[in-house]
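Written below as structure tokens is the structure these notes are about.
In this chain, numbering begins with 1 at the start of the sequence shown. Whatever order the structure lists ligands and atoms in, that order sets their numbers, starting from 1.
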Amino acid sequence: MGRWGDEDVSARLTVDLDAVVENYRRIESTSAPAAVASVVKANAYGLGAIAVSGALYAAGCRRFFTAQLGEALALRNALPDDATFYVLNGLWPGTEIEAAQAGIVPVLNSLDQVRRWRRVAASWGGRLSAILQIDSGMSRLGLTREDVRVLAGDPDLLSGFEVQFVMTHLALADTPGSCWNDIQLATFEKLSNLLPAIPRSFANSAAALTRPQRPGDLVRAGIGLYGGQAIASGPNPMRRVVDLSARVLQVRDVPANTGVGYGMTHVTRAPARIATIAVGYADGWPRRLGGRGAAFLDGRRLPVVGRISMDSMTLDVTDLPRSALDAGDFVELLGENQSLEDVAAQAGTISYEILTNLGPRLDRTYARYGAGPLDGRVYA
Ligand SMILES: *Cc1c(COP(=O)(O)O)cnc(C)c1O
């Protein structure tokens, strides 16, 4: 009772859709006149692709990138017909008709994919589209230099469907000083110039923010929309989107020389108070953060002690006044006091991985403040 209220919520993940929209507008304004597409692969980086895409659509975004056809098909039904969905991982054999029927636009990554799309398009009445991806040096996906020469020598291969964009992806976009960005872009330009004039797309969030003079024709914004740090160093220009808070399950007093958690990797030196909170590695909190990192209560740091369990972890709250924290309270794991980047750095990874690991058990709440005052929040 009391601090528990009547909610059966172990941890609350609040996604601020207004912040997503504001971040979208920020990328739009630095990239103008380029169009900005939203990358909503992997369930919008773990935050909920339907809610996020819906907010971005309402804000005027009409182009959405997923990685897989299944992701695009699920969103296709959730958004109005004038939204376009692109599938980054390419056109798999046997999926052509399904993609064509749903109006999905595949990113064609090989000559075989080009040929198969052309075959379907020939019997489709000329309304299919595609993006051509060129590998300009990352060696991940896309047409090789030789493939582009084949296309250039046989324009008929691109007949029967519209190539909306020719795209590439940069390996070091988050490191704007790297010469590899210029080398890749020069290769991309040279190879694109062999093809008929087609609008170009190469910028992810980082490239859009660091090359505002040259964003190409279509920016593909992902992490920046979600408030992550797109560029490896410097201040983060994006607004925070995610707040994660976890419930305190129990608070206990333990004497000196007491083991805490699996392996008893933490042993108290003096009498201590230990709070157990309801987020663990099954919720995406990295197990590597055992004995590292912290949660926060009203700006006060509460260090993690002991290993991270599957469903919980333990904090040393000895320094708090007794009345400050009790079972049922929430403590902050991501928010004002602790950013995605803080957690990623402590865990030796990147914000993308922290976000996409946020588990399905977390209670996702979508905040839309709209035009009203901040305390008048409406939940979508
Ligand atoms: C994921 C992805 C993006 C988005 O990148 P961010 O760094 O999240 O902005 C853009 N383009 C391609 C090809 C991608 O795979």
To the nearest 0.5 Å, atom CD of E332 lies from atom CG of D243 at 6.5 Å
Using a 4.0 Å heavy-atom cut-off, say whether V39 meets ligand 1 through its side chain, its backbone, both or neither.
side chain
Parallel, tilted or perpendicular: which one describes the rings of F165 and Y86, with boundaries at 30° and 60°?
perpendicular
Taking the side chain as every heavy atom from C-beta outward, state whether N204 and R220 have any pair of such atoms under 4.5 Å apart.
no
Shortest protein heavy-atom distance from atom 9 (O) of ligand 1, along with the residue and atom involved:
S205 OG, 2.5 Å
Using 30° and 60° as the class boundaries, would you call the ring planes of F188 and F202 parallel, tilted or perpendicular?
perpendicular
among protein heavy atoms, the one nearest atom 7 (O) of ligand 1 is Y352 OH, 2.6 Å
Does any non-hydrogen side-chain atom of L320 lie less than 4.5 Å from one of R300?
yes
What is the nearest protein non-hydrogen atom to atom 5 (O) of ligand 1, stated with its residue, atom name and distance?
N204 CB, 3.4 Å
Which residues pass the side chain to side chain contact (heavy atoms under 4.5 Å, CB included) test with E146, not counting sequence neighbours?
T144
Report the distance from atom CD of Q113 to atom CG of L111, rounding to the nearest 0.5 Å.
10.0 Å
Can a non-hydrogen atom of M138 be found less than 4.0 Å from any atom of ligand 1?
no
Considering heavy atoms of the protein only, find what lies nearest to atom 12 (C) of ligand 1 and give residue, atom and distance to 0.1 Å.
H169 CE1, 3.3 Å
Measure the distance from atom 15 (O) of ligand 1 to every protein heavy atom, then report the residue, atom name and distance (to 0.1 Å) of the closest one.
K41 NZ, 2.7 Å
Could you check atom 11 (N) of ligand 1 against the protein and tell me its nearest heavy-atom contact, residue, atom and distance included?
R220 NE, 2.9 Å
Identify the protein heavy atom lying closest to atom 4 (C) of ligand 1, giving its residue, its atom name and the separation to 0.1 Å.
Y45 OH, 3.4 Å
